[in-house]
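Take a look at the structure below.
Remember, it's a predicted structure, so these values are computed and weren't measured experimentally.
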Amino acid sequence: MVQQKKLVDEVSGWLRIYDDGSVDRTWTGPEQFKFMADPVLPHEKFIDGIAVRDTIISREGHDLRVRLYLPENALENKKKLPIILHFQGGGFCISEPDWFMYYQIYVRVALSAQAIVVSPFLRRAPEHRLPAATDDAFDTLLWLQSVARSGSNEPWLEQHGDFNRVFLIGDSSGGNVVHEVASRAGSADLSPVRVAGAIPVHPGFVRSERSRSELEMPQSPFLTLDMLDKFLELALPVGATKDHPMTCPMGAAAPALEGLKLPPVLLCVAEMDLVRDTEMEYYEALKKAKKEVELYVSDGMSHSFYLNKVAVDLDPNVSAKTDAFITRIKDFIQQH
C-alpha cells in the first residue's frame, strides 16, 4: 500500500510543503491568473525586437541557469549597451525568471533602456534557505567579471555589453538581494566590471514589529501579511527573525550603512504597499548615511503592480503607472 504524503505547510495559491520534504509550486489560485506564472521558452530569433537565450554558469557545488535578453537594435548599434542584472522576487520561495510576468516586463525594460538584461535563476527556499539566493546573485556578478576578462564565453555580452555600466535591479525580495549584492560588490575587486547603480523595487524590508503600513494598507494578490510572514519564516536562516540583515538592512543587526560602499541607488516604492513604511525607513537611513539615493513613488499603486499583466492591460491607470515606472528606470540608467 502506497502511503500518501501529508501537507504540512502552505501559502495559499502559491506553495505547498509535504511531510517528505517535497515542495509543490503549482499555481492553485484563480485560473485567469495562471498564465502569469507559465514559463516562456527562450527564443534566439528576435520577436518584437528582443531575443532571449538561457545559459548555464558552472559554480562549485551546483550549476546556475541564467536568462539573457538582447534588444535587436544592438546588432546595428556599435555602442555597447548597459547590463541590467535582475533578481526575481517571490519571497525567496516562489517565482522564476522565465515566468511570463517577468518576461513581459523585462522585455519592455530591455527595449526602453536599450540594455542587455541578465536574470539568474536564484535558488529558492525552503529547499535552499538564505544566503543561497544571495550567493547565486553575487556569483552571477562574478560570472560577468569572468566574461569581461574573457575567462568565460558569452557572445551577446562580449559583443554588445558595457561592463563599466552594470545595474542591479530586483523586485520585492529581489530588492533585498540588490542591497546585499551591492554591499558585497563594494568591498570586492570586480574590475573591469563596475556596478553603476542599484534599483531595489518594492523591496521586502521589514522588522519583527509590524509597521503601520502593514497594519493599515490593503493586501494585494502579490503580497498579503500571511505571504510575508510565511515566506520569510521558510527563507531566513533557522532561528532568525525579520530583524535579520537580509530583511532589515537599516536595523541594528545589519552592518552600518555608513561603512558600506554603495553605488547610486534608485529606491522604487508603491504608495499602497504593505511594507512602504519600512522601505521609507531604509531610504531615510541611506540619506542619513550620506549615500546617493533617489526615491521614486508610484502613487496609488500596490506591491509589484507592474507584474500584474491583467491589471496593466485592463486598467488605464495601472498601465500609465507602469509606463512611468519603466521610464524612470530608463532615465536612471541613462544618467549613470
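Within the cation-pi definition used here (under 6.0 Å to the ring centroid, within 45° of the axis), Arg53 qualifies as a partner of Trp156.
Hydrophobic side-chain contacts under 4.5 Å tie Val297 into a cluster, directly or through other members, with Phe205, Met250, Leu257, Leu260, Leu262, Val265, Leu267, Val269, Met280, Tyr282, Tyr283, Leu286, Val293, Leu295.
Results of the side-chain contact (heavy atoms from CB on, under 4.5 Å) test with Ser319 over Asn317, Asp323, Thr322 single out Asp323 as the only residue that passes. Checking each of Asn176, Val275, Leu130 against Thr247 for a side-chain contact (heavy atoms from CB on, under 4.5 Å) leaves exactly one that passes, namely Asn176.
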- Query: Under the side chain to side chain contact (heavy atoms under 4.5 Å, CB included) criterion, do Tyr102 and Asp171 qualify, and how do the steps go?
  - Reply: CA-CA 10 Å; Tyr102 278 124; Asp171 349 60; 3.2 Å; yes

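Between Leu223 and Asp273 the shortest side-chain heavy-atom distance falls below 4.5 Å. Side-chain contact check for Lys321 versus Phe305: some heavy-atom pair is nearer than 4.5 Å.
The two residues Ala198 and Ala182 make their nearest non-hydrogen contact at CB-CB, 4.5 Å. Here the closest heavy-atom approach between residue Ala311 and residue Val318 is recorded as O-CB, 3.8 Å.
Scanning for ring-ring contact (aromatic ring centres under 6.0 Å, His included) contacts around His303 gives His202, with sequence neighbours left out.
Sorted by first then second residue, the ring-ring contact (aromatic ring centres under 6.0 Å, His included) pairs that include residues 109-139, not counting sequence neighbours, number zero.
When atom types are taken as modelled, the side chain of Ser172 and the backbone of Gly204 share no donor-acceptor pair closer than 3.5 angstrom.
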